[in-house]
Structure formats: C-alpha cells, structure tokens
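Notes follow once the structure below has been shown.
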Protein chains: 2
Amino acid sequence: MDILRRNTDYALRLMVGLARHQENNGSVSTRLLAEEQEVSYQLACKLMQQLHDARLVASCMGPKGGFRLSRRLAEISLLEIIEVVQGPLSLNRCLAKAGACPRAGVCPVRGKIGELQGRMGEYLGGVTLEELAANPGAKETAGERT
Amino acid sequence: MDILRRNTDYALRLMVGLARHQENNGSVSTRLLAEEQEVSYQLACKLMQQLHDARLVASCMGPKGGFRLSRRLAEISLLEIIEVVQGPLSLNRCLAKAGACPRAGVCPVRGKIGELQGRMGEYLGGVTLEELAANPGAKETAGERT
DNA sequence: GTTAGTTGGACTATATTAGTCCTATACGTA
DNA sequence: TACGTATAGGACTAATATAGTCCAACTAAC
C-alpha cells in the first residue's frame with residue numbers, strides 16, 4: 001500500500017522545481033517545469049491547476065507566462081502540498097469527519113489511530129518547502145540506492 | 001484519502017473480537033465473530049483466511065470449529081495485522097523496495113518521508129492487541145462523537 | 001453414512017486514481 | 001488593431017486497485 005499517491009509525488013517535484021526557480025522571481029512555464037522534473041506535461045498542467053486552486057501558486061497566462069509560488073518558501077509545508085492533491089490526511093474514514101463511524105463509541109482502535117494521525121500531521125506540517133528545496137538529494141539514504 | 005483500508009478495519013475488529021473470546025480458550029466461529037463485529041460473514045471468511053495464512057490465527061474445521069489466536073495477546077501488534085491485509089507499510093513506492101525509484105539520488109523528499117515512515121512503523125509496532133482488547137471504547141475522543 | 005457447518009479459493013463488481021484530450025483565454029508581435 | 005502562438009483550465013476516458021460475492025472442498029459431530 002502506498003500512502004503518498006503518484007500524483008502527489010509529481011506535485012511535490014513540481015513545487016520543489018518551482019522553488020528552485022524562485023530566485024529568478026519570474027514565472028516558470030509548466031512545460032519547462034515538467035521537463036526538468038520528468039513529469040508528463042499534460043499531467044503537470046493538471047497538477048499546477050490544483051495547486052493554483054489551493055492558492056499555493058499564482059499563474060500568469062500568455063507567452064512568457066507560467067507559474068510562481070504565491071508565498072515564501074518557509075511558509076509552505078509538505079502537508080499542505082500533500083493535502084492539495086489527495087485531500088485531508090486521514091488514517092481512517094472514521095477520523096475524517098466526526099460522527100462518520102457509528103461504532104466510534106465502542107471502537108478500541110480509534111484512539112490509537114487518532115493519536116498517530118495527529119503525530120503525522122504534526123511532522124508533515126513541520127517540514128517546509130524551503131528545507132526540501134535546499135536539500136540537494138537524499139544523501140541520508142546513500143547506500144540504499146540501486 | 002484513507003490510509004487504513006476498510007478491510008483492514010474489519011480485520012482489526014475481528015482480531016479484537018477474537019481476543020475478547022480468548023478467555024474461553026475455545027475456537028470461535030467466523031459467523032459469530034462476524035455478527036458481533038458487524039462485518040459481512042463472507043467478507044469475514046476472506047479476512048480470517050488471510051490472517052490464517054499469516055499465522056496470526058489457528059483454524060479448526062467442522063462443527064464446533066472456528067478460529068483461535070495463535071499467539072498471546074501481547075505478542076501481536078497492530079502493525080502486523082495491518083500488514084497482513086494491506087501489505088508492507090509504505091509511504092511511497094520509492095521506499096517500498098530499494099532502487100525502485102531512479103530519482104532516489106536527487107529526490108529531496110525521500111529522506112523526510114523515509115523518516116516519517118520509520119516513526120509510523122515504530123508506533124504501530126508498539127501497540128499490542130492486548131492494549132486494544134482491554135480498551136473498551138474510544139473514551140479519549142468523547143465529545144467528538146455524533 | 002449422513003448432514004450441518006466450516007474453511008478456503010476463484011471470480012465479479014465497484015470505486016478510486018492516473019492520464020489524455022480539447023477548449024477558451026491572454027499576451028506578445030506584426 | 002488584428003493575428004498567431006503558447007498557455008491555463010476543465011471535461012472526459014482508461015487503467016488499476018479494492019471490496020464484496022459466490023462456489024467448491026473438507027471436517028467432525030450425530
């Protein structure tokens with residue numbers, strides 16, 4: 001089972017790519033971004049659209065147009081990007097919205113799962129795009145590679 | 001997005017139900033278990049089968065037959081049950097098996113995600129069926145109910 | 001020997017996710 | 001000011017993964 005969906009992964013790449021272009025403070029075209037990050041152009045369009053709806057990026061149409069981050073790097077968390085693509089973080093349906101599970105009162109698992117979910121949100125909310133963009137690669141997993 | 005699948009939820013219920021019958025130290029029929037835990041009988045069969053394949057429960061056929069936990073309550077973790085139903089815990093495909101992602105070397109997200117995955121496994125591995133069975137209900141979420 | 005009740009496996013339907021295509025819009029250029 | 005090009009945005013289709021059902025084989029009590 002995968003928790004992060006493939007599209008979420010693409011979205012993260014795109015955001016990191018965007019972050020790295022931020023210094024030029026001009027708009028970056030989706031086409032360039034998609035190429036750099038090895039994401040299908042069409043799919044990138046769709047994802048950028050979602051990120052735009054969530055106000056994480058600002059768009060600019062026409063030739064020379066493209067996207068730009070709408071906030072500072074340190075103000076965008078990993079959690080936000082994830083939730084834009086795959087909805088609110090939820091370990092179980094029961095926890096998604098109060099009263100969703102009629103067994104809530106007798107469920108012994110709910111408490112533990114709820115606690116874990118809280119911790120996950122906290123962790124992911126604490127990682128900023130700034131950190132991600134600064135990190136050149138997964139050096140800490142060296143040796144684990146092919 | 002849900003991380004715990006519906007079937008996983010059912011499996012957890014069934015295991016907790018089984019745990020609560022453990023005192024009688026006789027086998028419990030799937031039919032009874034399914035009724036008690038409000039899971040479709042057929043579906044319960046399927047899940048018990050998976051739990052059996054994973055050696056978490058022992059089976060006994062024929063009339064008066066049924067299932068029984070094959071280990072002590074404290075020796076079965078939440079993580080084990082989850083992984084039986086939905087496979088190894090994996091936040092992302094990249095992490096499922098080494099070398100699965102050709103971008104591993106340049107991926108800035110991988111490290112963070114890997115760390116979170118480790119923490120999750122640790123947490124879930126630490127919760128035992130004993131704890132769950134003892135916990136009568138989600139008292140800690142009182143007020144959040146319907 | 002028969003029968004009721006069970007486990008176990010194969011199959012089908014459904015829901016979710018991924019990916020593609022098309023249209024409308026905006027800007028730069030002639 | 002009109003045109004052309006490159007973009008954003010939305011609708012649709014295909015693929016995949018999950019949930020659920022059905023049927024067959026087996027076992028032990030009666």
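The sequence lines fix the lettering, A, B, ..., with proteins before strands; numbering per chain opens at 1.
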Take the protein atom [atom1] of [X] and the nucleotide atom [atom2] of [N], then report the distance between them rounded to whole Å.
| X | N | atom1 | atom2 | value |
| --- | --- | --- | --- | --- |
| Gln50(A) | dG9(D) | CD | P | 12 Å |
| Leu47(B) | dT18(D) | CG | P | 14 Å |
| Leu4(A) | dT16(C) | CG | P | 19 Å |
| Leu43(B) | dA13(C) | CG | P | 17 Å |
| Lys46(A) | dC12(D) | NZ | P | 13 Å |
| Asp9(B) | dT18(D) | CG | C1' | 15 Å |
| Leu14(B) | dG20(D) | CG | P | 13 Å |
| Asn7(A) | dT16(C) | CG | P | 16 Å |

Where do N or O atoms of nucleotides 3-8 of chain C meet protein N or O atoms at under 3.5 Å, pair by pair?
from	atom 1	to	atom 2	distance (Å)
dT6(C)	OP2	Arg31(B)	NE	3.4
dT7(C)	OP1	Thr30(B)	OG1	3.0
dT7(C)	OP2	Thr30(B)	OG1	2.9
dG8(C)	OP1	His52(B)	NE2	3.0

Donor-acceptor under 3.5 Å (Gln86(A) side chain, Leu4(A) main chain): no
Expected output: side-chain Ser77(B) to main-chain Thr128(B) donor-acceptor under 3.5 Å: no
Among Val84(B), Val85(B), Leu78(B), side chain to side chain contact (heavy atoms under 4.5 Å, CB included) partner for Ile82(B):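 Exactly one option meets the side chain to side chain contact (heavy atoms under 4.5 Å, CB included) with Ile82(B), and it is Leu78(B).
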From CD (Gln49(B)) to CZ (Phe67(B)), nearest 0.5 Å: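 CZ of Phe67(B) is found 7.5 Å from CD of Gln49(B).
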Rounded distance [0.5 Å steps], CG in Leu73(A) versus CZ in Arg20(A): 10.5 Å
Distance test, side-chain N/O of Arg5(B) to OP1/OP2 of dA19(D), below 4.0 Å: yes
Residues 32-46 of chain A side chain polar contacts: donor-acceptor under 3.5 Å, at least two apart:
from	atom 1	to	atom 2	distance (Å)
Glu36(A)	OE1	His21(A)	NE2	3.0
Glu36(A)	OE2	His21(A)	NE2	3.0
Gln37(A)	OE1	Arg103(B)	NH2	3.4
Glu38(A)	OE2	Arg103(B)	NH1	2.9
Ser40(A)	OG	Gln42(A)	N	3.4
Ser40(A)	OG	Leu43(A)	N	3.2

